[in-house]
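Residue numbers start from 1 in every chain, and the chains themselves are labelled A, B, ... in the order their sequence lines are given, proteins ahead of strands.
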Protein chains: 2
Amino acid sequence: MDTKTQNRLDAKARIIKAMAHPTRLFIVETLAKHEHCVCELTAMIGADVSTVSKHLSILRGAGIIDDEKRGSLVYYQLKMPCVLGFFSCVDTVIKANAQGQLKCIR
Amino acid sequence: MDTKTQNRLDAKARIIKAMAHPTRLFIVETLAKHEHCVCELTAMIGADVSTVSKHLSILRGAGIIDDEKRGSLVYYQLKMPCVLGFFSCVDTVIKANAQGQLKCIR
DNA sequence: CTCCTATTTGGCAATATCGCCAAATCGCCA
DNA sequence: TGGCGATTTGGCGATATTGCCAAATAGGAG
């Protein structure tokens, strides 16, 4: 594997890793409906504000979401809706795994 | 966030996490072309066989790839080609990030 | 049966991630 | 200007991931 491929895959993995966490998936799915401020997301998630803020920072760093300060609140919105298409593929994988399990039991 | 949502997102995150590594992305992209045995993948990747075997095990555990023993070799193949669609979205994100960078410089 | 090759598994040290607390910013508004 | 609420950042212990080596396993060939 040459260096160029290595770098390309590193970049790709960094983006994917940004989504590889339940809380961050929740954030992406929630922002897919419409924008939310940090305080709203924090209330929905039920973790410390600093924790939520760091998750948002990771998603923003990956370029998946965007922030916009309005007054004293910071609103986040989904910048790359194409990731939702991926999520449906993941659901397909989960369903296929479950059906594979069933087949083994019978 | 209720328990049901939590479990659903945990399962989703586990699948995504399985792909959140450069080497595993390489494996998925390589198997997308055609199947390969562990020894071939190991040669291409240039890491220890045990390392490659563990990466393959993670992808298999996630239900993304499938294995098939033929003689003394184990051949792996891509089971869920829909993940490739996700990769193109990731490339879009990377491209958008790069263009955002450029805009800031000018 | 025994050797040999391909692959997997166990274990360990290095590194990265996670979530909370405390502290620092930052912009409003009195 | 001073205080306040919203958000971010620093730091720390706990936990998870990673990659290598060594050892175990599995199967075919002699």
Side-chain angles (χ1 to χ4, degrees), chain A residues 1 3 5-7 9-28 30-31 35-77, chain B residues 1 3 5-7 9-28 30-31 35-77:
Chain A
M1 191 163 26
T3 311
T5 305
Q6 187 67 260
N7 290 339
L9 293 177
D10 280 354
K12 223 162 173 170
R14 227 174 303 124
I15 307 286
I16 297 176
K17 208 178 293 186
M19 286 181 286
H21 189 285
T23 299
R24 297 199 287 270
L25 286 178
F26 178 83
I27 291 172
V28 171
T30 303
L31 294 183
E35 64 171 22
H36 283 286
C37 66
V38 180
C39 49
E40 289 169 337
L41 291 170
T42 301
M44 288 188 254
I45 292 167
D48 194 272
V49 199
S50 69
T51 301
V52 175
S53 176
K54 275 178 186 170
H55 282 306
L56 288 167
S57 158
I58 289 169
L59 286 170
R60 174 161 34 82
I64 297 166
I65 63 176
D66 242 353
D67 64 330
E68 187 185 330
K69 189 167 274 180
R70 286 210 294 279
S72 60
L73 305 184
V74 177
Y75 283 87
Y76 280 90
Q77 55 192 281
Chain B
M1 191 163 27
T3 311
T5 304
Q6 186 66 260
N7 290 339
L9 294 176
D10 279 353
K12 224 162 171 168
R14 228 174 302 124
I15 307 286
I16 296 177
K17 207 178 294 185
M19 285 180 286
H21 190 285
T23 299
R24 295 199 287 269
L25 286 178
F26 178 83
I27 291 172
V28 171
T30 302
L31 294 184
E35 62 169 23
H36 283 285
C37 66
V38 179
C39 48
E40 289 169 336
L41 291 169
T42 300
M44 290 188 252
I45 291 167
D48 194 273
V49 200
S50 69
T51 301
V52 175
S53 176
K54 275 179 185 169
H55 282 306
L56 288 167
S57 157
I58 289 169
L59 287 170
R60 175 161 34 82
I64 297 165
I65 63 176
D66 242 351
D67 63 330
E68 188 183 330
K69 189 167 275 181
R70 287 211 293 278
S72 61
L73 305 183
V74 177
Y75 283 88
Y76 280 88
Q77 55 193 282

Write out a two-atom table: protein N or O, nucleotide N or O from nucleotides 7-14 of chain D, distance below 3.5 Å.
unit_1	atom_1	unit_2	atom_2	d
D:dT7	OP1	A:Val38	N	3.4
D:dT7	OP1	A:Val74	N	3.2
D:dT7	OP2	A:Cys39	N	2.9
D:dT8	OP1	A:Tyr76	OH	2.8
D:dT8	OP2	A:Ser53	OG	2.7
D:dT8	O5'	A:Ser53	OG	3.3
D:dG10	O6	A:Lys54	NZ	3.1
D:dG11	O6	A:Lys54	NZ	2.3

Would you tabulate the nitrogen or oxygen pairs shorter than 3.5 Å linking the protein to nucleotides 1-4 of chain C?
none

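Residues of residues 13-25 of chain A that place a heavy atom closer than 4.0 Å to DNA chain C, in numerical order, are A:Lys17, A:His21, A:Arg24.
For C:dT17, the OP1/OP2 oxygens have no side-chain nitrogen or oxygen of A:His55 closer than 4.0 Å.
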Would you sort out whether B:Ile16 and A:Leu25 count as a side-chain contact (heavy atoms from CB on, under 4.5 Å), showing the intermediate values?
-> CA-CA 10 Å; B:Ile16 296 177; A:Leu25 286 178; 3.6 Å; yes
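For B:Arg24 (side chain) and B:Ala18 (main-chain N/O), a donor-acceptor pair under 3.5 Å exists by modelled atom type.
Here A:Ile45 contributes atom CD1 and B:Thr5 contributes atom OG1; the two are 12.0 Å apart, rounded to the nearest 0.5 Å.
Residues passing the salt bridge (Lys or Arg N to Asp or Glu O under 4.0 Å) test with B:Glu68 are B:Arg70, sequence neighbours excluded. Here A:Lys12 pairs with B:Glu29, B:Asp91 under the salt bridge (Lys or Arg N to Asp or Glu O under 4.0 Å) rule; sequence neighbours left out.
Contact annotation: the side chain of B:His36 approaches that of B:Met44 to within less than 4.5 Å [non-hydrogen atoms, C-beta and beyond]. Side-chain atoms of A:Asp67 and A:Leu56, non-hydrogen and from C-beta on, never get closer than 4.5 Å to each other. Inter-residue side-chain proximity for A:Leu31 and A:Gln77 is flagged as unmet; no heavy-atom pair is nearer than 4.5 Å. A 4.5 Å side-chain heavy-atom check between B:Glu35 and B:Tyr76 finds every atom pair outside the cut-off.
B:Leu59 has its CG atom 14 Å from the C1' atom of D:dT17, to the nearest Å. For the pair B:Leu41 CG and C:dA6 P, the interatomic distance rounds to 14 Å; values are reported in whole Å.
Under the ring-ring contact (aromatic ring centres under 6.0 Å, His included) criterion, the residue pairs touching residues 38-61 of chain A are A:His21-A:His55, with sequence neighbours excluded.
Using the Watson-Crick or G-U wobble rule with both distances under 3.5 Å, C:dC28 pairs with D:dG3.
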